[in-house]
Amino acid sequence: MTLPSKPYVIIGAGPAGLMAAERLAASGHQVDVYDRMPNPGRKFLLAGRGGLNLTHTDGPTDFLAQYREARDWLKPIIEAFSPDELREWCASLGEDSFAGSSGRVFPKSFKASPLLRAWLRRLDSLGVTFHGRHKWTGWDDTGALVFETADAKSVTVQAKATLLALGGASWPKLGADGGWVSLLDAKGVAVSPLTAANAGVKIAWSDLMKERFPGAALKRVVALCRGEQAKGEAIVTKDGLEGGVIYELGPAIRHSLEVDGEAIVHLDLRRDLPLHILTERLVKPRGKQSVSTWLHKAAGLSPAAIALFREEAATGVKAPFNDPVALAQLLKALPIRIEALAGLERSISTAGGVRLSALTDELMLKGLPGVFVAGEMIDWEAPTGGYLLQACFSTAVCAAEGMAIWEDGITPPMA
Ligand SMILES: Cc1cc2nc3c(=O)[nH]c(=O)nc-3n(C[C@H](O)[C@H](O)[C@H](O)COP(=O)(O)OP(=O)(O)OC[C@H]3O[C@@H](n4cnc5c(N)ncnc54)[C@H](O)[C@@H]3O)c2cc1C
């Protein structure tokens, strides 16, 4: 009598887990996917609300530069499943993609739901079994995976090889809550602390700013922090600011807060107007116009941008409304004091995670043979722009290939 073969087990049905499931199942392997949530892809669907920025058209050097310290580590992984291959995969599911003027790539439907539906149909036809409401809680003494079901039952599963694709800890109500950190820590796996990435920042706004301007966009600004620069948009929230330029400067802001105890971001509110032209416009007499009307007409500032000048607690500056030269200078570099990064609950992604040094080239945990990791739970970070999903998909493909060549007790060849 032959014993039934053990399945490949994937824990975490986000984009990383599902991509690895597809790869393994397409090669004829039996794959079981477990997730603590009832349905797969909850965060993927949320990402779709913003259009689902899948990847970016940057050339390879610029693309990889977005991953900062993890750039060299990710290079072979992203080369092996590139942005073009990701777009082809998307098209193979009936969703052509397009690149916006910024180079960001989106599915034509601008949503995640049609793509996810087609993807789940494909996984089903490949024989992948999904087990929802199964929370992974670790291993038992025999090395079997232990899950807790919705009715608090304990289920054990023996795996041929396991992929942990458990995500980071942002938006924990969607499933990824970072609970895996203590489980891996107990096994001696090196993990960098999970912190918010692509998160808003907290600023001590006045009541006026809190009440009147949440949602207002500061468009076409340049933001600077610790010598790093970001161009784009910032959005006022009731606690501070969020949006592209803030996310991009996130690592610099985090570093400043850790090292200096505070972070200052300088905003150029009229990046398209050189200082001397702005000064010329502001030296013209204001006449009987209110300061707001004058600033709106002469400098083209929005009401929210004008309100920023009155935020003395946040800027540390009393706006020199009667000194056009100083005012123009301030318009080009308005300091904003950041009190803290917003929490993980609403951040787009997570920095920190399983340290790169804990992994083989195939993304197997060196200390836990047969256990692989992929996606956001690995210690890389990137700004928004499609770099997050691309790295999740590429690491999943890499891990799936490592799993496919893994045999009990035989470590895949390491470089
Ligand atoms: C608002 C928002 C917008 C975004 N927009 C974009 C975008 O446009 N482009 C982009 O590139 N990225 C975007 N992202 C980021 C992107 O969604 C994530 O990087 C990506 O989903 C991470 O994929 P993952 O598979 O690693 O983890 P996740 O998608 O987080 O999936 C992890 C899965 O593991 C499960 N899990 C966790 N712990 C357990 C456990 N103990 N037992 C069982 N299951 C468990 C979770 O339930 C979850 O389903 C966005 C994120 C947010 C929050």
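Every number for a ligand or one of its atoms is a count from 1 in the order of the listing. Counting from 1, the numbers follow the sequence of the chain as shown. Here the structure is a predicted model, which means the values were calculated and not measured.
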key: atom 11 (O) of ligand 1 [closest protein heavy-atom partner, distance rounded to 0.1 Å]   = L389 N, 2.7 Å
request  = Taking only Lys NZ, Arg NE, NH1 and NH2, and the carboxylate oxygens of Asp or Glu, determine whether D260 and R226 approach each other closer than 4.0 Å.
outcome  = yes
key: Closest to atom 50 (C) of ligand 1 (judged by heavy-atom distance), picking from I10, D177, I348   = I348
message = Quick check: G41 and ligand 1, any N/O pair under 3.5 Å apart?
response = no
ask   = Distance-only, no hydrogens or angles: does the S27 side chain make a donor-acceptor pair with backbone N or O of H29 under 3.5 Å?
value = no
query = Of all the non-hydrogen atoms in the protein, which one sits nearest to atom 34 (O) of ligand 1, and at what distance?
reply = G12 CA, 3.3 Å
inquiry  = Which option wins on minimum heavy-atom distance to atom 40 (C) of ligand 1: W136, Y34, F147?
reply    = W136
request  = Determine, using heavy atoms of P15 and all atoms of ligand 1, whether some pair is separated by less than 4.0 Å.
outcome  = yes
request  = Give the residue and atom name of whichever protein heavy atom lies nearest to atom 44 (N) of ligand 1, and the separation in Å to one decimal.
outcome  = R36 N, 3.1 Å
query = Short question: side chain of S82, backbone of E79 - any donor-acceptor pair under 3.5 Å?
reply = no
request  = Mark yes or no for whether D35, through its side chain, and A13, through its backbone, hold a donor-acceptor pair below 3.5 Å.
outcome  = yes
key: Polar side chain donor-acceptor pair, R87 to S97, under 3.5 angstrom   = yes
key: S256 side chain vs A263 backbone, donor-acceptor pair below 3.5 Å   = no
request  = With heavy atoms of W171 as the reference, note each atom of ligand 1 found under 4.0 Å away.
outcome  = 53 (C)
Heavy-atom nearest neighbour in the protein, as seen from atom 26 (O) of ligand 1, with distance rounded to 0.1 Å = E376 N, 2.8 Å
query = What atoms of ligand 1 come closer than 4.0 angstrom to any heavy atom of A165?
reply = 32 (C), 33 (C), 34 (O)
ask   = Looking at atom 38 (N) of ligand 1, what's its closest protein heavy atom, distance included?
value = L166 CD2, 3.7 Å
request  = Verify, without hydrogens or angle tests, whether T360 (side chain) and M364 (backbone) share a donor-acceptor contact under 3.5 angstrom.
outcome  = yes
Whether N53 side chain and V105 backbone form a donor-acceptor pair below 3.5 Å = yes
message = I'd like to check L116 versus F44 (side-chain heavy atoms, cut-off strictly below 4.5 Å). Are they in contact?
response = yes
message = Closer than 4.0 Å to some heavy atom of G386 - which atoms of ligand 1 meet that?
response = 11 (O)
message = Could you check whether R254 pairs with E228 (Lys NZ or Arg NE/NH1/NH2 to Asp/Glu carboxylate O, under 4.0 Å)?
response = no
query = Which atoms of ligand 1 have any heavy atom of L388 under 4.0 Å away?
reply = 10 (C), 11 (O), 12 (N), 15 (C), 19 (O)
W205 versus E311, side-chain donor and acceptor atoms under 3.5 Å = no
key: Identity and distance of the protein heavy atom lying nearest atom 9 (N) of ligand 1   = N53 O, 2.8 Å
task = Give the numbers and elements of all ligand 1 atoms closer than 4.0 Å to a heavy atom of C392.
result = 19 (O), 22 (C), 23 (O), 26 (O)
message = Does any part of the side chain of L334, heavy atoms only, come nearer than 4.5 Å to the side chain of H266, both counted from C-beta?
response = no
ask   = atom 1 (C) of ligand 1: which of L46, L164, L18 has the nearest heavy atom?
value = L46
task = Do me a favour and list the nearest non-hydrogen protein atom to atom 31 (O) of ligand 1 with residue, atom name and distance?
result = G14 CA, 3.5 Å
request  = Tell me which protein heavy atom sits closest to atom 5 (N) of ligand 1, plus the residue, atom name and distance to 0.1 Å.
outcome  = A47 CB, 3.3 Å
query = Taking the six-membered ring for Trp, are W139 and W136 parallel (under 30°), tilted (30 to 60°) or perpendicular (over 60°)?
reply = perpendicular
request  = Ignoring angles and geometry beyond distance, decide whether M377 reaches within less than 3.5 Å of ligand 1 through its nitrogen or oxygen atoms.
outcome  = no
key: Location of contacts on R42 toward ligand 1, heavy atoms closer than 4.0 Å   = neither
inquiry  = So if I count the atoms of ligand 1 from 1 in the order they appear, which ones are less than 4.0 Å from some heavy atom of M37?
reply    = 47 (O)
task = Nearest heavy atom to atom 48 (C) of ligand 1 wins, so pick from I378, D35, I11.
result = D35
message = Between D140 and T156, do the side chains contain a donor N or O and an acceptor N or O under 3.5 Å apart?
response = no
key: G167 neighbourhood, listing ligand 1 atoms whose heavy-atom distance to it stays under 4.0 Å   = 26 (O), 27 (O), 30 (O), 32 (C)
inquiry  = Under 4.0 Å, counting heavy atoms only: does R346 come that close to any atom of ligand 1?
reply    = no
inquiry  = If the cut-off is 4.0 Å to any non-hydrogen atom of G375, which atoms of ligand 1 fall inside it?
reply    = 26 (O)
task = For residues I336 and I264, determine if any side-chain heavy atom of one lies less than 4.5 Å from a side-chain heavy atom of the other.
result = no
